[in-house]
Amino acid sequence: MPIFDPKQYESKWLDIWEKNKTYSTPQPRDSQKQYILDMFPYPSGAGLHVGHPRGYIATDVLSRYYRMRGYAVLHPMGWDAFGLPAENAAIKEGKNPQDLTKNYIANFKRQLRSIGFSYDWDRELATTDPAYYAISQWLFILFFYLGLLYKKNVPVYYCGYCKTGLAQEEVLSDGTHERCGNVVEQKELFQWVFKIPEYAESLLSGIDELNWPEGIKAMQRNWIGKKEGLVIHHEVEGLDYHLDTFTVYPAFSYADSYIVVASEHPVVSLILTAKQADGTDSTALRHYIDTVETLTREQKIADVKEKKGVFTGYYAIDPLTGGRLPIWVANFAMMDFGTGAIRCSAHDARDREFAKKYGIPVKSVVNDSVGAPIEASAKKGVLENSASFTGRDVSEVEQEMVEWFVSQGFAKQSTNYHLREWIFSRQRYWGEPIPMIFCDRCADLGKTAWDEDVLASTGFGLGYIDTFKRNLEQRGQSTRFITESRSMMSGWFPLTMDRLPLELPYLESYSANTEGKSPLADVFVWKKATCPCCGGPAEYETDTMPNWAGSCWYFLYFAHDSSSRGQMLPNVMRGESPFDKDLLDSWLPVDTYVGGAEHAVLHLLYSRFWIHVLNDAEIVNFREPFTSLYNQGMVLAPGGGKMSKSKGNVINPDSVIAEYGADALRLYEMFMAPFSQEVAWSTESIQGVYRFLKKVWQLCSSTDHLADGSKDEDQETFRELQKLVHKVESDMTDVKLNTIISACMEFMNVWASASSGLPRRLTKEHVSDFLKILAPFAPFITEELWSIVLGNTTSIHQSQWPVYRRSISEDKEIVLAVQVNGKLRSTIRISTSMEESDVVALAEQEKSIQKWLQGEGLSIDLCKREGAKFCNP
RNA sequence: GCCGGGGUGGUGAAAUUGGUAUACACGCAGGUUUUAGGAACCUGUGCAGCAAUGCGUGGAGGUUCAAGUCCUCUCCCCGGCACCA
């Protein structure tokens with residue numbers, strides 16, 4: 001037998017697996033499927049570092065395991081290849097991102113291949129493939145027709161470095177762009193916008209059923225940010241204006257003594273005009289507003305640390321008391337929360353601080369034992385000075401108060417969401433072209449895409465709008481939005497179905513447009529279009545989609561094999577959905593989804609949104625795309641800290657494989673820590689798994705450890721093997737992959753240990769069983785030993801998982817801990833068939849126990865552990 | 001401030017869900033072998049103590065025959081959100 005040298009066999013097996021299509025996707029069978037998916041990577045020029053494959057190894061282990069258990073497994077890989085980094089790199093190098101991306105993908109694929117993943121490469125996809133983005137475009141048109149996607153002027157976050165507008169979700173809390181770290185600015189642009197808030201409730205309630213990490217679920221709930229409260233209406237003295245405030249603590253309303261509004265609040269400009277008209281002094285207010293307007297986003301954030309404001313000189317009438325509430329402009333009132341106006345009292349720390357600074361009187365209606373006002377957020381206490389509600393407990397009276405306010409016409413109940421419309425336009429070249437045409441003339445005539453003649457000629461499946469509407473109505477969801485934006489969309493027409501895909505033109509080189517437009521806007525030949533409505537000259541939309549477009553639905557594409565993929569465009573042209581419903585039904589939803597936590601409110605939220613909509617349009621039969629989600633923890637550089645090119649501390653999987661082989665890389669990445677945990681790479685610790693593999697090699701290939709027949713077999717090792725099978729099965733279910741490797745090591749330690757000076761032997765069959773258990777983790781060495789030593793001609797990865805034999809795994813004798821009053825005093829070896837009373841009697845005879853039993857009320861306690869007969873139920 | 005996740009040897013971490021705390025691995029120490037090694041193998045390794053034994057899972061209480069695990073309070077670390085009314 002040759003010495004252990006992974007290089008000798010790893011590349012050989014890669015070729016054989018590829019040639020034999022060892023990992024091709026089988027026909028799905030209903031209850032027996034597992035769709036195991038990685039968040040597909042964004043191919044970059046830097047290639048992979050050892051952090052990237054951590055999640056991929058976990059899904060690969062699970063996929064291999066479930067295949068051996070007889071499941072039909074779908075385990076594909078693809079490329080999220082549109083997007084900013086590749087485009088920025090391309091501009092820098094004066095190249096087209098298409099060419100760069102091709103190279104990046106090739107390098108990623110080479111690296112992934114060398115790790116021995118069992119992807120079905122026949123199902124590979126790239127979002128940049130026109131055949132793929134044709135369907136992204138079809139979906140765009142669908143959402144447009146459903147009234148969920150429309151174009152309007154909006155203030156957007158704009159990245160001056162990437163020269164594009166962004167979605168709110170892409171801006172981090174420090175005001176920087178999540179991709180490039182540049183501080184964003186605000187800009188008003190004409191943008192395609194998704195009405196995702198219409199799905200706030202649907203997205204929120206769906207979270208409960210997900211088997212996802214709590215943190216991610218909490219982030220989504222938080223991002224959707226549902227708040228139920230009360231909007232109170234006020235007349236403003238001397239102004240023809242109704243000022244609405246929002247509160248989630250209506251029970252404290254009788255304490256309110258002033259109102260603050262955001263500087264952008266419409267009432268402020270009204271007041272300024274009114275002041276000008278009646279000649280009152282407005283300089284202080286005007287000065288304040290002018291100063292605020294010059295502040296950037298980050299300056300505003302910093303500014304709010306100190307509460308500032310100015311009195312407007314106007315008063316609102318409190319509908320509750322008829323009293324006058326002075327209206328102030330204040331920096332802590334945010335226009336994008338609630339109504340942008342707040343009633344203030346002593347029950348809020350901010351309000352108190354502001355009132356103290358400017359000498360505004362405050363009141364309180366609930367006080368603690370020393371007379372200090374209780375914070376409204378505590379929602380407790382007994383009301384004072386609250387008209388007919390005085391003397392009542394806050395917690396019990398709130399609903400009654402709300403109902404009374406509403407019945408008096410003072411207020412209305414209102415639900416507020418943090419979730420904002422999703423801005424879907426990017427002023428970039430490297431994205432899916434938006435399949436829309438704008439015609440000036442038709443716009444003037446008020447023609448829309450929903451006009452019957454236009455609709456019919458587009459070739460789009462018309463039934464979806466009705467189906468969609470019907471399902472929303474059945475759920476009691478508002479359908480107003482479906483038609484609401486149509487009048488704003490006159491002159492905008494989707495491409496006819498036979499024109500899909502709208503291909504991105506190949507540009508030799510180009511630079512970013514600095515005026516808030518896409519580079520495509522400068523390509524006059526390309527953007528010229530014919531109006532699908534009047535046949536006259538028109539223009540294509542020149543903005544492109546964000547790279548979320550491709551990732552929102554790629555898991556649907558993977559469910560399609562090459563022939564059903566070929567049917568997608570023909571389906572669309574027949575006015576049908578592109579998808580093969582049978583294939584979707586049999587594979588989806590994704591059972592196990594693995595990726596980084598940074599997508600919590602980006603990809604994961606957007607995908608859920610699209611699928612909820614597709615479900616309402618009855619294009620898919622499931623509502624939640626990802627049943628179970630696991631986040632892999634980051635792999636830090638040795639000693640801690642992020643790996644980065646600039647620090648020169650990046651560990652490349654290529655070099656690890658060159659030194660130790662792919663099996664050791666895989667094993668170490670799974671062994672180093674629970675896989676959701678952040679962990680630093682250790683160049684020393686990887687030696688441990690390398691030694692283990694070497695031991696596996698030596699034992700399995702040595703005839704000393706091989707039994708001729710079952711008579712020759714070491715029973716203890718065989719029993720350990722049965723326990724191992726059981727342990728692995730339960731840990732796989734819990735996705736605790738690190739402890740499976742520990743268990744394999746423990747088994748090896750037993751097998752390798754001498755028994756009365758002789759090596760322990762296992763039969764060929766049981767050596768096979770051990771190799772099968774290890775195969776999902778270390779596919780190369782197990783395949784080599786399976787083939788060379790055990791003489792198999794088929795792949796171990798297509799073999800059946802060993803059968804767990806419980807009767808064999810049960811010990812005849814165990815070591816039982818004996819405690820006296822809860823403290824461990826001794827251990828005794830007992831037969832598992834013994835009765836409890838006999839064991840106690842046996843323990844009482846032990847000298848080491850007896851000495852602890854001298855005294856009052858002391859007794860023996862046996863640890864109820866699995867194994868002994870009397871412990872089992 | 002709010003939400004989520006954590007605190008166990010020198011290090012990465014286990015612990016059958018209330019039953020022998022520190023499995024497995026790294027590192028370290030001593031030894032064997034080798035011309036030599038950063039190789040291989042063996043032994044040891046929570047702390048204190050010669051020992052019996054005592055102490056020990058961030059801290060303080062509690063429940064229990066028995067607590068890393070359950071309850072109450074508290075401190076610290078990581079991630080997310082945020083003057084959210």
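Bear in mind that the values here come from a model prediction, so they are computed numbers and not experimental data. To find a chain, count down the sequence lines: A is the first, B the second, and so on, and within it residues start at 1.
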| field | NZ/NE/NH1/NH2 to OD/OE distance under 4.0 Å, Glu353(A) and Lys357(A) | value | no
With a 3.5 angstrom cut-off on both distances, give the Watson-Crick or G-U wobble partner of [N], or none if there isn't one.
{"N": "G37(B)", "result": "none"}
{"N": "G79(B)", "result": "C3(B)"}
{"N": "A51(B)", "result": "none"}
{"N": "C70(B)", "result": "G62(B)"}
{"N": "C28(B)", "result": "G44(B)"}

Restricting to nitrogen or oxygen on both sides, can you table the protein-nucleotides 64-71 of chain B pairs closer than 3.5 Å?
from	atom 1	to	atom 2	distance (Å)
C65(B)	O2'	Asn821(A)	O	3.3
C65(B)	O2'	Gly822(A)	N	3.2
C65(B)	O2	Asp861(A)	OD1	3.3
C65(B)	O2	Asp861(A)	OD2	3.1

If the condition is ring-ring contact (aromatic ring centres under 6.0 Å, His included), which residues does [X] pass it with, not counting sequence neighbours?
{"X": "Trp223(A)", "result": "His418(A)"}
{"X": "His242(A)", "result": "none"}
{"X": "Tyr358(A)", "result": "Trp328(A), Phe354(A)"}
{"X": "His347(A)", "result": "Phe252(A)"}

| request: Answer yes if the ring centres of Phe770(A) and Phe747(A) are under 6.0 angstrom apart, and no otherwise. | output: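 Ring centres of Phe747(A) and Phe770(A) closer than 6.0 Å.
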Touch check for [X], heavy atoms < 4.0 angstrom, all strands: base, sugar-phosphate only, or nothing?
{"X": "Asn749(A)", "result": "sugar-phosphate"}
{"X": "Thr827(A)", "result": "base"}
{"X": "Ala349(A)", "result": "nothing"}
{"X": "Pro213(A)", "result": "nothing"}
{"X": "Gln698(A)", "result": "nothing"}
{"X": "Lys308(A)", "result": "nothing"}

| task | Classify the ring geometry between Trp697(A) and Phe4(A) as parallel (under 30°), tilted (30 to 60°) or perpendicular (over 60°). | result | tilted
| message | Working note: Tyr593(A) + Trp212(A), criterion ring pair (Phe, Tyr, Trp, His ring centres under 6.0 Å); need CA distance, chi angles, decisive distance, verdict. | response | CA-CA 9 Å; Tyr593(A) 198 33; Trp212(A) 286 19; 8.2 Å; no
For [X] and [N], what is the distance between atoms [atom1] and [atom2] respectively, to the nearest whole Å?
{"X": "Glu678(A)", "N": "G79(B)", "atom1": "CD", "atom2": "C1'", "result": "9 Å"}
{"X": "Arg221(A)", "N": "C81(B)", "atom1": "CZ", "atom2": "C1'", "result": "15 Å"}
{"X": "Asp336(A)", "N": "A85(B)", "atom1": "CG", "atom2": "P", "result": "13 Å"}
{"X": "Lys727(A)", "N": "A14(B)", "atom1": "NZ", "atom2": "P", "result": "10 Å"}
{"X": "Phe671(A)", "N": "A23(B)", "atom1": "CZ", "atom2": "C1'", "result": "10 Å"}
{"X": "Asn331(A)", "N": "C84(B)", "atom1": "CG", "atom2": "C1'", "result": "15 Å"}
{"X": "Leu737(A)", "N": "G12(B)", "atom1": "CG", "atom2": "P", "result": "20 Å"}

| Which residues pass the salt bridge (Lys or Arg N to Asp or Glu O under 4.0 Å) test with Glu598(A), sequence neighbours left out? | none
| query | Residues in salt bridge (Lys or Arg N to Asp or Glu O under 4.0 Å) with Glu228(A), at least two apart? | reply | none
| task | Could you check if a side-chain atom of Ile259(A) sits within less than 4.5 angstrom of a side-chain atom of Ile342(A), using non-hydrogen atoms only? | result |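 Of all side-chain heavy-atom pairs linking Ile342(A) with Ile259(A), none is under 4.5 Å.
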| With rounding to whole Å, what would you report as the distance between G1(B) and G10(B) at their C1' atoms? | 38 Å
| request: Scan for side chain to side chain donor-acceptor pair (under 3.5 Å) pairs involving residues 372-381 of chain A, sequence neighbours excluded, and state none if there are none. | output: Arg352(A)-Glu375(A), Lys379(A)-Glu398(A)
| said: With side chain to side chain donor-acceptor pair (under 3.5 Å) as the rule and sequence neighbours excluded, what pairs involving residues 245-260 of chain A come up? | reply: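 Found Asp256(A)-Arg343(A).
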| task | Starting at the 5' end of nucleotides 27-33 of chain B, put B wherever the base has a protein heavy atom under 4.0 Å, S where only the sugar-phosphate does, and a dash everywhere else. | result | S------
| Okay, side chain of Thr733(A), backbone of Glu729(A): is any donor-acceptor separation there less than 3.5 Å? |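 It does hold such a pair.
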Find every protein N or O atom lying less than 3.5 Å from an N or O atom of nucleotides 8-10 of chain B, and list the pairs.
none

| query | Where along residues 222-231 of chain A does a heavy atom come under 4.0 Å from RNA chain B, residue by residue in number order? | reply | Asn222(A), Lys227(A)
